[in-house]
Amino acid sequence: MRVTPFQQRVYDLVARIPRGRVATYRDIADRLGCGSARAVGQALKRNPFAPRVPCHRVVSSDLTLGGFQGKISGAAIRRKLRLLEGEGIRFTKGRLDESCRY
DNA sequence: AGTCGCCACGAAG
DNA sequence: CTTCGTGGCGACT
């Protein structure tokens with residue numbers, strides 16, 4: 001499988017997010033000097049090395065869940081939610097607590 | 001090589 | 001809710 005330099009940089013960054021913390025697509029993009037958070041989403045969508053790269057710890061900038069396993073709703077998203085909850089991340093009314101930002 | 005269009009986003013209207 | 005800017009990248013020529 002092929003990994004572009006941009007993807008590599010995204011994965012490196014995401015791999016550093018500690019358990020129980022999250023970052024937003026926007027956070028990652030900013031940190032890479034990339035103007036498009038959407039580009040980060042694209043990279044994560046085809047994340048070749050899950051779970052070494054914990055893409056479930058990356059969420060939308062409004063602290064809603066964003067996507068998982070190529071989906072933006074449905075069972076995959078419920079799985080993402082359970083993973084995060086399993087790491088002790090708190091939810092209130094469909095949104096992550098601001099406190100668990102990385 | 002160039003073009004086109006899609007997208008797990010986000011801000012603005 | 002909708003629309004629009006965005007930039008990386010796969011598909012296609």
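The structure presented is a predicted model; accordingly, all values stated were derived computationally and were not measured. Here is how names work: the chains are called A, B, and so on, in the same order as the sequence lines, proteins then strands, and each is numbered from 1.
Computed from coordinates, the K71(A) NZ to dC7(B) C1' distance equals 14 Å when rounded to whole Å. The separation between I28(A) atom CD1 and dG10(B) atom P is 11 Å, rounded to whole Å. Straight-line distance from the CG atom of L44(A) to the P atom of dG8(C): 15 Å, rounded to whole Å. In this structure, D27(A) places its CG atom 11 Å from P of dA11(B), rounding to the nearest Å. Across the protein-nucleic acid pair, L32(A) atom CG and dT6(C) atom P stand 18 Å apart, rounded to whole Å. In this entry the distance linking CD of Q69(A) with P of dC7(B) reads 17 Å, nearest Å. Rounded to whole Å, the distance from OH on Y11(A) to C1' on dA8(B) is 12 Å. Residue Q42(A) contributes atom CD, which lies 8 Å from atom P of dA8(B) at whole-angstrom precision.
Within the 4.5 Å cutoff, no side-chain heavy atoms of V22(A) are placed close to those of D27(A). Side-chain contact between S61(A) and Y25(A) is absent, with no heavy-atom pair separated by less than 4.5 Å.
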What's the verdict on side-chain contact (heavy atoms from CB on, under 4.5 Å) for Q7(A) and R46(A), showing C-alpha distance, side-chain angles and the deciding distance?
CA-CA 9 Å; Q7(A) 288 167 334; R46(A) 357 178 165 58; 4.2 Å; yes
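Summarising the base pairing, dG5(B) is matched to dC9(C) through a Watson-Crick or G-U wobble pair whose two defining distances lie under 3.5 Å. If you check dG13(B) for Watson-Crick or wobble pairing at under 3.5 angstrom, you find it paired to dC1(C).
At the phosphate of dG10(B), neither OP1 nor OP2 sits under 4.0 Å from any side-chain N or O atom of S36(A). At the phosphate of dG10(B), OP1 or OP2 sits under 4.0 Å from a side-chain N or O atom of S61(A). Residue T4(A) has a polar side-chain atom (N or O) positioned under 4.0 Å from OP1 or OP2 of dC9(C).
Among the protein residues, G66(A) comes within range of no part of the nucleic acid, since none of its heavy atoms lies under 4.0 Å from any strand. Note on F6(A): only backbone sugar-phosphate atoms sit closer than 4.0 angstrom, heavy atoms only; bases stay farther off. Nucleic acid contact class of I72(A) (heavy atoms, under 4.0 Å, all strands): sugar-phosphate only.
Distances from the side chain of Q7(A) to the nucleotides dC9(C), dG10(B), dG8(C) place dC9(C) closest.
Nearest heavy atom pair, residue H56(A) against residue L84(A), reads O-CD2, 3.4 Å.
The base of dG10(C) is not paired with the side chain of R46(A) by any donor and acceptor separated by under 3.5 Å.
The closest donor-acceptor contact from the side chain of N47(A) to the backbone of C55(A) lies at 3.5 Å or more, if one exists at all.
Annotation: of the two residues near DNA chain C, A37(A) and A43(A), the 5′-most nearest-nucleotide partner is A37(A).
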